[in-house]
Amino acid sequence: MQRIFSGIQPSGIPTLGNYLGAIRNWVALQGQHECIYCVVDLHALTAWQEPGVLRARTREMAASIIACGVDPQKHIVFHQSAVPAHVRLAWIFNCVARLGWLNRMTQFKDKAGSDREAASAGLYVYPNLMAADIHAYHATRVPVGDDQRQHLELANDIAQKFNHDYEVDFFPNIEPLILGPAARVMSLRDGSKKMSKSDPSDQSRINLTDSADEISNKIKRAKTDPEPLPESVAGLENRPEARNLVGIYAALSDGSSADVLAQFAGQGFGKFKPALAELLVEKLRPIADETTRLLGDPGALDAILRDGARRAAAIADPIVAEAERIVGLLKV
Ligand code: TYM
């Protein structure tokens, strides 16, 4: 059975993008894999977080993942800072990865913006910590949204260089799993920008905790164009907002964009948007309700996270200890 690792930053409330691009696939993959899902609080620190808010968001993110259907008993749910093996391996990877590789990371460029000098050093080496997250478990498959593709290529480059430099076959190659018609959900305000939990505009995204009214209003106000929906997927080209909403409907109804167009071709957004809002409310309300229920018992949630961290550490500690031995760190 292959081992899966994936992570999510507690830098906001999880969005529809996180759900359709990642968490939903995490849930679906549980049957055939050993899964390890991590709330990556150390990654969140690469941009400023209010300390109390970060702690609350870490619990909320764990509750959301479980509410979406991840089983923390059969699999592992934990938060990154509770397992020091991640940081120990990340330091080794800081010394394996080349500056030239990190300079090519488009997410660093996007997040650092025009004032690169003011970005944290953590933001720059962020992909090395992400590689460590995965390789500390010898995980071989990583379900993510499309925006993480480049980071996973880097994780493979790091593993290869480590294996080559130390003449070992220690870290396996990892396979990105970028699945479904919504691997890249776009902002509701701008079809060229990805939907993000850290976007300053709440109108740009659907949060998994939004009420039915909030969801309906956001979809009603979502940017579109005046044309009716086309007959075929090719007709969505150059219509990024329409393509995005059709992709969301397709993912939520377990179909393809072509299936959605077969149903709605020729209709305007006046018809399509209410149907989409209704589907969103139907799929997201149970998740929001279950998240609220789980957050109502923080003691039980913390116990799940503690147990997850203990089981995660039992896997990662020997692997990272071996990596430390390979590079020549003295064990006394
Ligand atoms: P994060 O927290 O930005 O997002 C978590 C997951 O959600 C996916 N995602 C999206 N998918 C589709 N459309 C969107 N608009 C959208 N926005 C986010 C992301 O691709 C991701 O799968 N670096 C990672 C966290 C991480 C990680 C890891 C992932 C840290 N260590 C190890 C995998 C393995 C991140 O910032 O995800």
Side-chain angles (χ1 to χ4, degrees), residues 1-10 14 18-19 21-44 58 61-62 64-66 68-93 96-97 107 125-160 162-163 170-179 183 304-305 307-323:
M1 196 183 274
Q2 294 203 57
R3 184 174 287 155
I4 277 186
F5 183 97
S6 199
I8 186 164
Q9 294 191 65
N18 297 131
Y19 179 60
I23 306 174
R24 215 170 74 116
N25 298 326
W26 298 4
V27 173
L29 289 160
Q30 293 181 108
Q32 303 80 32
H33 297 83
E34 175 192 358
C35 302
I36 304 171
Y37 296 131
C38 183
V39 181
V40 291
D41 51 352
L42 297 172
H43 275 107
T58 301
M61 192 56 82
S64 268
I65 293 169
I66 298 167
C68 287
V70 168
D71 181 339
Q73 258 88 44
K74 287 207 186 97
H75 299 275
I76 296 179
V77 176
F78 73 110
H79 64 299
Q80 191 182 29
S81 61
V83 178
H86 293 242
V87 178
R88 286 158 54 201
L89 187 58
W91 181 257
I92 293 176
F93 285 176
V96 172
Q107 198 159 89
V125 294
Y126 174 117
N128 298 343
L129 177 59
M130 179 162 162
D133 294 340
I134 302 162
H135 289 306
Y137 297 88
H138 278 174
T140 49
R141 311 187 95 187
V142 184
V144 286
D146 186 60
D147 61 327
Q148 298 300 316
R149 193 186 290 275
Q150 194 186 32
H151 288 158
L152 296 185
E153 285 166 9
L154 185 88
N156 275 332
D157 290 344
I158 291 174
Q160 270 175 29
F162 180 99
N163 288 346
F170 188 61
F171 290 118
N173 195 59
I174 58 179
E175 181 194 351
L177 300 179
I178 298 169
L179 306 167
I304 290 175
L305 289 174
D307 179 57
R310 186 184 53 74
R311 287 153 57 217
I315 300 171
D317 283 346
I319 293 174
V320 173
E322 180 59 12

Open item on the list: Using a 3.5 Å distance criterion without hydrogens, assess whether the side chain of H138 forms a donor-acceptor pair with backbone atoms of F170.
Closed with: yes
Open item on the list: Is any side-chain heavy atom of F93 closer than 4.5 Å to one of H135?
Closed with: yes
Open item on the list: In terms of relative ring orientation, are H86 and F78 parallel, tilted or perpendicular, with 30° and 60° separating the classes?
Closed with: tilted
- [ ] Return the minimal non-hydrogen interatomic distance between Q9 and Y126, and the atom names on each side.
- [x] NE2-OH, 2.8 Å
- [ ] Quick one: list whatever passes side-chain contact (heavy atoms from CB on, under 4.5 Å) with P318, sequence neighbours left out.
- [x] none
Open item on the list: Could you check whether any side-chain heavy atom of I36 comes within less than 4.5 Å of a side-chain heavy atom of R311, counting everything from C-beta outward?
Closed with: no
Task: Side chain proximity check, V96 to N128, heavy atoms < 4.5 angstrom - done: no
TODO: Taking the side chain as every heavy atom from C-beta outward, state whether R3 and I315 have any atom pair closer than 4.5 Å.
DONE: yes
Task: Plane angle bin for F171 and F162 - parallel if under 30°, tilted between 30 and 60°, otherwise perpendicular - done: perpendicular
Open item on the list: Testing V83, V87, L89 one by one against V320 for a side-chain contact (heavy atoms from CB on, under 4.5 Å), which residue passes?
Closed with: L89
Task: Side chain proximity check, Q80 to T58, heavy atoms < 4.5 angstrom - done: no
Open item on the list: Is there a side-chain contact between Q107 and Q148 in this structure, where contact means two heavy atoms from C-beta onward sitting under 4.5 Å apart?
Closed with: yes
Open item on the list: Quick check: do R24 and C68 have side-chain heavy atoms less than 4.5 Å from each other?
Closed with: no
